[in-house]
Amino acid sequence: MELTGKKIVLGLSGGVACYKAAELCRGLTKEGASVQVVMTDAATHFITPVTMQALSGKSVFTDQWDPRVPNNMAHIDVTRDADAIVIAPCSADFIRKLAHGACDDLLSTLCVARPRHVPLLAAPAMNVEMWTNPATQRNVQQLREDGIHILGPAAGAQACGEVGMGRMLEPADMLEEIVAAFQPKVMAGKRILITAGPTFEPIDPVRGITNLSSGKMGYAVARAAREAGAEVTLISGPTALATPHGVHRVDVQTAQQMMDAVNQAITGQHVFIAVAAVADWRVANPSTQKVKKTEGGTPHIAFEQNPDILATIAARTTLAGHPYCVGFAAESENLLEYGAAKRERKGIPLLVGNIGHHTFGQDDNTIVLFDEQGHTILPRADKLTLARQLISEISKRINKHSLFQ
Ligand SMILES: Cc1cc2nc3c(=O)[nH]c(=O)nc-3n(C[C@H](O)[C@H](O)[C@H](O)COP(=O)(O)O)c2cc1C
């Protein structure tokens with residue numbers, strides 16, 4: 001329940017993507033938000049107010065002359081206790097109206113009448129030619145300058161049969177963006193590189209050695225970093241997880257591939273967070289063909305050392321202190337002792353310890369932060385909550401460092 005207690009005004013303008021607004025509305029209420037839907041006249045041609053009323057559990061406003069509000073001023077009443085206004089879909093026409101401060105229907109009027117502290121988020125949705133039209137682009141630029149958050153659009157196949165930019169973000173991505181809007185932007189302007197998941201070291205083309213890491217902790221850290229305003233690159237071992245919205249993901253399989261991908265991406269990063277459970281050893285001589293089962297025999301597998309990604313990057317830290325390196329350690333016993341020792345051995349300012357069998361595959365975790373002062377326990381919580389706490393801790397530490405300013 002990421003939006004408990006939040007009041008969201010969901011505005012629909014006239015576009016085919018109104019069907020996605022129905023699912024978005026459902027998602028918002030499932031996350032605990034109270035949703036007041038307001039529709040333009042054109043929007044009611046694409047989806048009925050009845051559907052939006054059923055999904056939001058509230059009567060929908062479509063008309064500025066609607067007498068249901070006692071003082072007949074819905075444009076004021078609806079916005080005064082709102083936590084955010086989300087226009088989804090936002091038509092080319094509605095973008096024009098926002099850019100010019102038009103007040104010729106209820107939705108446009110309430111956007112102009114909203115208190116300045118109420119964030120306005122707009123999700124454009126239109127044909128590729130409408131989106132790339134210089135007039136639309138001029139208006140979108142104006143919205144950005146006015147502090148309106150533009151969500152998307154995405155590229156792809158469009159309802160009209162054409163292909164290109166202009167698709168409204170998917171409801172799940174919209175939801176992530178709306179949740180992110182309420183998170184403090186403690187990492188604005190920072191670039192953060194994160195590794196996540198297990199590695200897979202092949203024995204032959206169909207078999208290999210891996211571990212039980214699901215990637216959930218690393219993906220949560222990537223999402224939390226993005227929510228905090230950072231530009232995030234996620235280098236991921238094999239997982240079944242969806243990429244957090246707005247995060248650039250690079251897929252790898254082996255520890256060596258992860259090392260190579262990290263080396264390629266590390267320049268210019270402010271923070272490196274090594275969450276991945278990287279195999280310490282790989283098979284020295286993986287077979288290029290499937291190893292055949294022989295009567296009574298078992299194959300002999302020789303191992304060799306994998307690169308230590310965290311220690312390699314920590315050793316590269318520049319005079320300016322970049323990147324600030326954070327490591328994860330998954331232990332099965334003696335966490336406090338092993339965690340403190342590992343931080344020193346790796347030469348990093350912050351290490352996050354957790355117990356392998358309490359985190360791998362789980363939605364919740366308990367973590368211990370080790371730094372030069374000692375250790376702090378962050379009690380058991382869902383991984384996104386812990387990831388947000390971790391990002392906040394990292395931001396406090398790097399913001400103390402004047403070279404990061
Ligand atoms: C079938 C149909 C589909 C349309 N789809 C879109 C669309 O996806 N995006 C858009 O910006 N306009 C679209 N339009 C045009 C808008 O509906 C039109 O500009 C309308 O005046 C917008 O009004 P509003 O901004 O007050 O909601 C479409 C029009 C029709 C007839």
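Just the heavy atoms: all of them, side chains too, but no hydrogens, waters or symmetry mates, feed the values below. Each ligand, and each atom within it, is numbered from 1 in the order the structure gives.
Across the listed options D93, V16, T44, V16 owns the non-hydrogen atom lying nearest to atom 5 (N) of ligand 1. In this comparison of A42, A159, G166, C18, the heavy atom closest to atom 23 (O) of ligand 1 sits on A42.
Interface atoms of ligand 1 facing M126, defined by a heavy-atom separation under 4.0 Å, are 8 (O), 9 (N), 10 (C), 11 (O). The distance from ligand 1 to the heavy atoms of T40 drops below 4.0 Å at these ligand atoms: 24 (P), 26 (O), 27 (O). Under a 4.0 Å criterion applied to the non-hydrogen atoms of S13, ligand 1 contributes the atoms 25 (O), 27 (O). If you number the atoms of ligand 1 from 1 as listed, the ones under 4.0 Å from a heavy atom of M130 come out as 10 (C), 11 (O), 12 (N).
Ion pairing between a basic and an acidic side chain is recognised when a charged N comes within 4.0 Å of a carboxylate O; E393 and K396 show such pairing. Look at R343 and D371 and you find no salt bridge, because none of the NZ, NE, NH1 or NH2 atoms lies under 4.0 Å from a carboxylate O. Here K30 does not pair with E2 in a salt bridge; the nearest charged N to carboxylate O distance is not below 4.0 Å.
Of the polar atoms of S91, at least one N or O is found under 3.5 Å from an N or O of ligand 1, judged by distance alone. Inclusion of G15 in the set of residues having an N or O under 3.5 Å from an N or O of ligand 1 is not warranted.
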Quick one, Q141 with E145, criterion side chain to side chain donor-acceptor pair (under 3.5 Å). Give me CA distance, side-chain angles, the key distance, then yes/no. CA-CA 6 Å; Q141 183 53 30; E145 283 168 24; 3.1 Å; yes
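Scanning the protein for heavy atoms near atom 12 (N) of ligand 1, the closest one is G14 O, 3.5 Å. Protein heavy atom at the shortest distance from atom 4 (C) of ligand 1 is F46 CZ, 3.6 Å. The closest protein non-hydrogen atom to atom 11 (O) of ligand 1 is A92 N, 2.7 Å.
In summary, the side chains of N133 and E129 do not present any donor paired with an acceptor at a separation below 3.5 Å, with no hydrogens or angles considered.
Under the 4.0 angstrom criterion for non-hydrogen atoms, A125 is in contact with ligand 1.
The side chain to side chain contact (heavy atoms under 4.5 Å, CB included) test with V38 singles out one residue from L12, I85, D63, L110, and that residue is L110.
Listed here is the closest heavy atom pair of L390 and L369: CD1-CD2, 3.9 Å. Of all the heavy atoms in Q158 and G164, the pair that sits closest is NE2-O, 3.7 Å.
Around CZ of R26, the count of heavy atoms belonging to other residues, nucleotides or ligands within 6.0 Å does not exceed 12.
Distance remark: protein heavy atom present below 4.0 angstrom from atom 7 (C) of ligand 1.
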